[in-house]
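First the structure, in the form of structure tokens, and then the observations on it.
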Amino acid sequence: MSGRLVLLRHGQSYGNVERRLDTRPPGAALTPLGRDQARAFARGGASRPAMLAHSVAVRASETAQVIAAQFDLPHVELGGIHEVQVGELENRNDDDAVAEFNAIYKRWQLGERHVALPGGESADEVLDRYVPVLTELRMRYLDDDGWDGDIVVVSHGAAIRLASAVLAGVDGSFVLDNPLDNAESVVLAPITDGRWSCVRWGNLTPPFYPEPGATPVQDAVASSTDPMG
């Protein structure tokens, strides 16, 4: 096994700028800054990916298009890896909606994955559609002794953090303390017995410890940034 899975959050979208819970595909497009962020990722010293994939959302496909242009690389769309579906909170950006989303997301990260967002998904439902896609990529490519290179998958912040925490055993409190900025990634390396190791989370490397005294839910409500990171 000589490749890794790079789960890349898309570049900034217009929904992010407006701090909207924009989760239902196709969703908002990238801003000019979002395109610059995608370009910066491609130019950031990473080697040419062996494969580039993206979710069905416009912001993910546009991010992949920018990266593909830099590497002269094809890109493929994958179902099942779109953002957590927030149901009745969709397209809201008021403090009450952001607080409700973050409170439930916190419960997921602390082990209550059966709890669903109002009219939306539970963590278990997100994982049931998301994890098999990553497992298929691993079995078809990364577990092949002849495969060489990373697979970059352009996806979405809340879903990436949820799946990565479960697959690699990353502490839920750390996940809550460390959202992903636009065009930041989580890097997973396949290890023995079908397990994964998280080798990078944004700009951080193991060990991944929660920040003492952090209040991620309150911070997310008070912040002007989007809540989906």
Side-chain angles (χ1 to χ4, degrees), residues 3-10 15 21-27 51-61 63-64 75-91 97 100-143 151-176 178-180 185-198 201 208 216 227-229:
R4 307 172 303 170
L5 189 63
V6 181
L7 299 176
L8 177 68
R9 189 185 180 203
H10 57 82
L21 293 162
D22 172 25
T23 70
R24 187 182 301 123
M51 180 179 178
L52 175 62
H54 58 86
S55 83
V56 299
V58 169
R59 58 195 180 278
S61 63
T63 300
H75 55 94
V76 297
E77 180 179 286
L78 298 177
I81 57 168
H82 49 282
E83 183 59 287
V84 169
Q85 296 298 285
V86 298
E88 296 170 14
L89 304 179
E90 182 71 20
N91 272 324
E100 185 166 8
F101 170 79
N102 280 286
I104 292 175
Y105 194 78
K106 178 179 180 180
R107 292 175 68 182
W108 292 356
Q109 292 291 353
L110 298 182
E112 297 182 72
R113 298 202 292 263
H114 65 284
V115 177
L117 289 151
E121 292 181 299
S122 68
D124 285 334
E125 290 171 326
V126 177
L127 294 167
D128 282 348
R129 62 170 167 82
Y130 201 103
V131 170
V133 180
L134 305 188
T135 301
E136 175 70 15
L137 290 174
R138 174 177 181 153
M139 292 176 63
R140 180 173 293 187
Y141 302 107
L142 297 178
D143 283 348
I151 299 175
V152 173
V153 176
V154 184
S155 184
H156 306 267
I160 289 172
R161 291 188 291 144
L162 176 65
S164 298
V166 171
L167 289 174
V170 179
D171 184 89
S173 295
F174 169 86
V175 175
L176 293 167
N178 293 277
L180 294 175
S185 65
V186 173
V187 181
L188 302 179
I191 53 177
T192 57
D193 301 324
R195 294 177 295 127
W196 297 88
S197 174
C198 184
W201 188 287
F208 301 117
M228 304 307 296

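Predicted, not measured: the structure shown is a model, and the values here were computed from it.
The heavy-atom pair separating A168 from L188 by the smallest distance is CB-CD2, 4.0 Å. Scanning both residues, A116 and G120, for their nearest heavy atoms gives CB-O, 4.0 Å. Contact record, P227 with N102: CB-ND2, 4.0 Å, taken as the closest heavy-atom pair. What you find for G119 and E88 is that their closest heavy atoms are N-OE2, 4.0 Å. Nearest heavy atoms, E83 versus G157: OE2-N, 3.5 Å. Closest non-hydrogen pair, P190 versus G3, comes out as CD-O, 3.3 Å.
With values rounded to the nearest 0.5 angstrom, L78 atom CG is found 9.5 Å from S155 atom OG. Taking CG from L162 and CG from L127, the interatomic distance works out to 4.5 Å, rounded to the nearest 0.5 Å. With rounding to the nearest 0.5 angstrom, the CD atom of E100 is 10.0 Å from the CG atom of L21. Note that CH2 of W196 and OG1 of T135 are 7.0 Å apart. Values are rounded to the nearest 0.5 Å. Atom CG of L7 is separated from atom CD1 of I81 by 8.5 Å, given to the nearest 0.5 angstrom. Put simply, CZ on R107 and OG on S122 are 11.5 Å apart, with the number rounded to the nearest 0.5 Å.
Between the side chain of R9 and the backbone N or O of L180 there is at least one donor-acceptor pair closer than 3.5 Å. A donor-acceptor pair is defined here as one N or O able to donate and one able to accept, closer than 3.5 Å; no such pair exists between the side chain of E136 and the backbone of V133. Between the side chain of E77 and the backbone N or O of A53 there is no donor-acceptor pair closer than 3.5 Å. Remark: side-chain polar atoms of R138 are paired, donor with acceptor, to backbone N or O of R195 under 3.5 angstrom. In terms of modelled atom types and a separation under 3.5 Å, the side chain of S185 and the main chain of V187 share no donor-acceptor contact.
For the pair V126 and Q85, the minimum side-chain heavy-atom distance is 4.5 Å or more. L142 has its side chain out of reach of L137: every pair of non-hydrogen atoms, C-beta onward, lies at least 4.5 Å apart.
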Task: Test side chain to side chain contact (heavy atoms under 4.5 Å, CB included) applied to L117 and L89, step by step - done: CA-CA 8 Å; L117 289 151; L89 304 179; 4.2 Å; yes
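Residue pairs meeting the side-chain hydrogen bond (donor to acceptor under 3.5 Å, both in side chains) criterion with at least one member in residues 159-172: none, sequence neighbours excluded.
Relative ring orientation between W108 and Y105 is described as tilted, the plane-to-plane angle lying within the 30° to 60° band. Using cut-offs of 30° and 60° for the angle between ring planes, the F208 and F174 rings count as tilted.
Using a 3.5 Å distance cut-off with no hydrogens or angles, the side chains of E90 and T23 do pair a donor with an acceptor.
With salt bridges taken as basic N to acidic carboxylate O contacts below 4.0 Å, one links R129 and E121.
You'll find the ring centres of H82 and H156 outside the 6.0 Å limit.
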